[in-house]
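So the structure is just underneath, and the comments pick up after that.
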Amino acid sequence: MKFIDEYRNSEIVMDLVKKIKTISQKEISLMEVCGGHTMAIHRFGIPSLLPNNIKLISGPGCPVCVSGIEFIDKAIALSGKKNVIITTYGDLIRVRGSKSSLEKEKSKDADIRIVYSTLEALEIAKHNQDKKVVFLGIGFETTAPATAVAIQKAYEDNISNFYLLTAHKIMPPVMQALLNEKVKIHGFICPGHVSAITGSKIYEFIPEKYKIACVVTGFEPIDIMQSVYMLTKQIHDKDPKVEIQYSRAVTKDGNTKAQEIMNEVFETRDDIWRGIGEIPNSGLKLRKKYKDLDAELVFDIQIEQVKEHSACICGQILRGQKSPKDCKLFGKVCSPDNPIGACMVSSEGACQAFYKYRKYE
Amino acid sequence: MCLSIPGKVIEIKGDTADVSVGGTIVKVGMQMVDRVKEGDFVLVHAGFALQKINEKEALETLKLFREMNE
Ligand code: SF4
């Protein structure tokens with residue numbers, strides 16, 4: 001496929017590895033904050049190719065994982081209401097809330113439908129006027145604009161039976177929160193597709209205020225290796241800045257049209273990140289104009305407070321302080337079929353990626 | 001979830017387009033992108049074109065690698 005095979009050339013990858021080795025022998029920790037990177041890094045066995053002094057850490061980049069049990073519980077509560085159809089991306093359906101999952105509810109008769117895009121959810125609303133159709137909005141700046149397009153369309157076309165339950169979140173506040181907690185990293189492998197929308201400018205405060213290196217990175221082995229090279233060089237030269245490795249999709253200003261759509265529909269709110277805690281202005285909720293489409297305001301949703309398993313160390317993993325193999329539950333009690341904590345919930349989570357591909361470690 | 005794939009725009013139909021992703025044709029929302037022509041490559045994510053892929057940049061990066069390799 002175009003620009004996929006080319007970016008998987010193993011000779012070039014090995015050449016980059018050689019170059020990285022010549023720059024620095026110092027201990028360097030780099031954090032990726034995109035679930036797509038976590039998956040790619042493990043799938044291509046990147047950690048085993050890197051010199052020993054370079055450590056990669058999976059930060060809070062999996063939207064399904066950080067969205068928390070409450071969100072799933074709310075969705076399940078909604079699915080139990082009369083005449084409600086839940087529409088969602090496939091990623092979410094198997095995730096367990098405190099007692100059940102959407103998949104289980106579906107097998108028990110709840111009307112839950114997997115959609116490929118928000119427009120498909122909107123179509124379902126159009127064709128089921130006697131039902132209330134709720135879309136579960138999840139993801140970072142990559143998916144939030146897609147939700148925003150559907151909201152605008154529903155509003156303009158007077159589709160009065162379409163609602164949004166949002167868990168959308170944005171990236172810069174969580175990166176800042178980690179840095180404020182003095183998490184020990186030297187550089188960020190910045191998300192590629194979030195940045196295709198936002199542009200690389202959202203990371204500029206990081207080298208300026210925290211002196212941490214940033215490279216916006218693509219998802220193929222060459223992309224990741226080149227970024228590690230660029231980051232290592234910035235760190236060695238003591239010249240932290242924001243660079244774009246993934247220049248075929250990312251510019252400094254990003255996709256301004258998508259940004260406008262997103263800003264018209266959403267405003268920020270304080271939000272809870274599973275495994276991390278509450279972070280100011282890190283979540284997205286619908287603006288007042290769209291209050292009639294906000295499932296949280298329209299429906300009476302009752303859920304119970306839930307506690308995380310006390311042995312789960314996911315919070316420390318997302319902060320780069322521990323690795324999945326340090327967890328007592330890993331692989332024994334906690335596995336992809338029975339996820340106990342946030343990091344095992346989706347294929348993009350740190351623990352699940354580690355579980356699936358650990359043969360390479 | 002955060003994965004997006006490059007696809008080639010085959011036919012634009014108003015605010016959607018048929019895009020070939022690895023040989024399969026998918027219907028993609030074009031609301032977020034401007035000035036995309038048939039034949040262009042776009043990043044497809046959850047049923048929308050997120051951004052046009054800059055072919056010149058893609059080839060340039062590859063050329064740099066090849067030179068480096070020599
Ligand atoms: S293995 Fe499971 S319980 Fe342990 S940290 Fe990871 S998600 Fe939490």
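Below, chains carry the letters A, B, ... as their sequence lines are ordered, and counting in each starts from 1.
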To check you understand the geometry: which heavy-atom pair defines the closest contact between [X] and [Y], and what is its length?
| X | Y | answer |
| --- | --- | --- |
| B:L43 | A:A196 | CD1-CB, 4.4 Å |
| B:G47 | A:S117 | CA-CB, 3.7 Å |
| A:I261 | B:Q31 | CD1-O, 3.9 Å |
| A:A249 | B:Q51 | O-CG, 3.3 Å |
| B:N54 | A:S247 | CB-O, 4.2 Å |

Measure distances from B:K52 to the heavy atoms of chain A and classify the residue's part below 4.5 Å as side chain, backbone, both or neither.
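Just its backbone gets close to chain A.
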Between B:V33 and chain A, with a heavy-atom cut-off of 4.5 Å, which part of the residue counts as in contact: side chain, backbone, both or neither?
both
Looking at side-chain heavy atoms only, is the closest gap between B:D15 and A:K153 below 4.5 Å?
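Yes, their side chains come closer than 4.5 Å.
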At what distance, to the nearest 0.5 angstrom, does OG1 of A:T147 lie from CZ of B:F48?
8.0 Å
Between A:N255 (side chain) and B:L50 (backbone), is there a donor-acceptor pair under 3.5 Å?
yes
Within the supplied structure, the quantity of interest is the number of heavy atoms (other residues, nucleotides, ligands) at a distance under 6.0 Å from [X] [atom1]; does it exceed 12?
| X | atom1 | answer |
| --- | --- | --- |
| A:K201 | NZ | yes |
| A:K252 | NZ | no |
| A:K233 | NZ | no |

